[in-house]
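Here's the structure, in structure tokens; my notes come after.
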There are 2 protein chains.
Amino acid sequence: MADTVTIEDIARRSGVSTATVSRALRGLPNVSPATRDRVQRVAAELNYSLDSRASRLASGRSMTVGVAVPMAGQWFFNQLSTAIEALMFLNNYDVVRYVLVGPHEQTLLFHQLATSKRVDGLIICTVALTDEDVQLLQDLQLPVVTIEKETPHFPSVTCDNTAAAEVAVRHLIELGHQDIGLITGLFQDPMGFTIPQERTDGYLKALAEYNIPFQERLRIEGNFSAAGGAEAMAKLLALDSPPTAVFTLSDEMAIGAMKTIRDAGLRIPQDISIIGFDDFYLSEYLGLTTIRQSVSQYGETAGAILLELMENPDSPHVKSIELPTQLIIRDTTGPRP
Amino acid sequence: MADTVTIEDIARRSGVSTATVSRALRGLPNVSPATRDRVQRVAAELNYSLDSRASRLASGRSMTVGVAVPMAGQWFFNQLSTAIEALMFLNNYDVVRYVLVGPHEQTLLFHQLATSKRVDGLIICTVALTDEDVQLLQDLQLPVVTIEKETPHFPSVTCDNTAAAEVAVRHLIELGHQDIGLITGLFQDPMGFTIPQERTDGYLKALAEYNIPFQERLRIEGNFSAAGGAEAMAKLLALDSPPTAVFTLSDEMAIGAMKTIRDAGLRIPQDISIIGFDDFYLSEYLGLTTIRQSVSQYGETAGAILLELMENPDSPHVKSIELPTQLIIRDTTGPRP
DNA sequence: TTGTAAGCGTTATCAC
DNA sequence: GTGATAACGCTTACAA
């Protein structure tokens, strides 16, 4: 219980004022090297660090950023958070992840985070923002950056999902495929994800380019999980004339689909080709052809923008950054049988 | 800029004191329903929430818990964090993950977290604690729970790794295998993981049970990644008489190993059997036989203990909890060729 | 059930 | 380069 060393104790034992201790310990200028040294020594002796709770109140900054994601368990979002955490750690910010479970809860959460000053800034991933959300965030002046979701209101980091999907499907077409299945997200999605539509647009564009008519029957609902991919694939295989190739809107769905294909006694790619999206970290080991995007780079980029926004709140230019994608051809795509 | 509503404003407009506002808004007892209602209404009108920075200083609790992990990007640790986050969110705690990069940085981090009061409690995963760490954490009175690492000093949540590994290897032996490869962690590991040794012990026990001599040549170093598994498997296949089955200390290494096996033109399990450990979320889709442990349950259990420790710091009983594991037989293990 | 008022341990402004 | 001191906005005995 002897455990309440404060900045005053350090000040006293160093023979300086608390102001000087604060400056010395935070590495601020206007402290003589000798003084700084002495203060640091005393602080170390007494096992002292500035109390973050008091600092945060006095400075008016919570030194915390929020990362809001629809699903924390998924590889993609963890990759994102990890990159953001690493960057923020270097800048002395704590990062806490918040899981978005629905539009209503989401609005409440944003409101709560902003009004209680729990975070100095927020990175919002993938989900749609309602007008109310935007209003709120702007009124409350919380710095915001979005990932995987462009908005006119905040800086964002995205890729060109439509173009990337087009590349994927073109790859399939050039291998001779005409009947190309599409395993997408939920058709009716409560969180308002737009990625599925963007990628579907790319699929349609590629077909159109080659004058291949779109077949609604080949478009099946998945939910971005392996289980969803497996089920969707089963529906595709049950069709009168199943597709000879499938474009899956995520690698994890592709992995599920591959299981279904193999369980049906079919070979990949001899009987059926499959291409995913993401370049999931194990896709290399599964030989999955896919569209690569650098997920960590999304996180790092968004983090850097947020940092700037927090330091300099009147930075007026809403930058929206679009990162590149790349077709990675491996073993799951081959010529039409 | 009109944006500095404080508890006093709410108090004034509600015609009560700040103390009452505080009580009303926090859901504490001893507030009449009418008063609480009025206060809540006023707070809502003014978009007010209690300032978390001020609350934390005044209450002396940071309402934040740390989760320290050696690798944030890995599925296992993300699963853990996600479970902890969900539980803590319900209890109004923020959780922030800290990545442990080495024994020295680790000690520094713990010291910093504790002295700066950045966290009210800490969950430490997998890594070894040095005597210095233990001393520090105890002196500074920071509530600590460990996962995947038993210590006499703090409550822990683990499984019986040795017994589980024994089950895995016994499964292989009962299928007729005698030459059983072992792909383990780094032999010299800077973070002091003990899991590899514990599981290796299980491997040895199973062999001994059946009087199968241990062959050092079959024990290869991996690093708990798919890449490490792939490389280790290559070494195993290069042996004069390669094993007919392999026990891999994680599913992710197994996935890497499976690629190597298939690339070599060998069939699983006809030519070689493989069994992993974890029951990674995609293992089902890869047909991987494995030992299942409930990772989320580790997180939830550790979180619950930490919560209790934080509420009740003098809770003297260091509970150590051991969770069950289970052999999940799928398609990668079969009779010896 | 409600109010009073003394902290909580910093930061930051301004003067020296 | 350094010091005095007024915030920062809440919580929590204790009293009423």
remark   = Counting primed atoms, P, OP1 and OP2 as sugar-phosphate and everything else as base, the B/S/- map of nucleotides 6-16 of chain D against protein heavy atoms under 4.0 Å is --BBBSB----
ask   = Distance only, no hydrogens: is a donor on one side chain within 3.5 Å (strictly under) of an acceptor on the other, for B/Ser32 and B/Arg36?
value = no
key: B/Asp120 and B/Ser62: side chain donor to acceptor below 3.5 Å   = yes
request  = Applying side-chain hydrogen bond (donor to acceptor under 3.5 Å, both in side chains), name anything that partners A/Thr18, two or more places apart in sequence or on another chain.
outcome  = none
ask   = Hey, does B/Ser52 reach any base, or is it just sugar-phosphate, or nothing, if we go heavy atoms under 4.0 Å?
value = nothing
ask   = Does the side chain of B/Thr107 pick up a donor-acceptor pair with the side chain of B/Asp133 at under 3.5 Å?
value = yes
ask   = With distance as the sole criterion, is a donor-acceptor pair present between the side chains of A/Ser55 and A/Ser52 under 3.5 Å?
value = no
request  = Could you check how far CG of A/Asn30 sits from P of C/dT13, rounded to whole Å?
outcome  = 13 Å
request  = Find the distance A/Met63:CE to C/dT11:P and express it as a whole number of Å.
outcome  = 11 Å
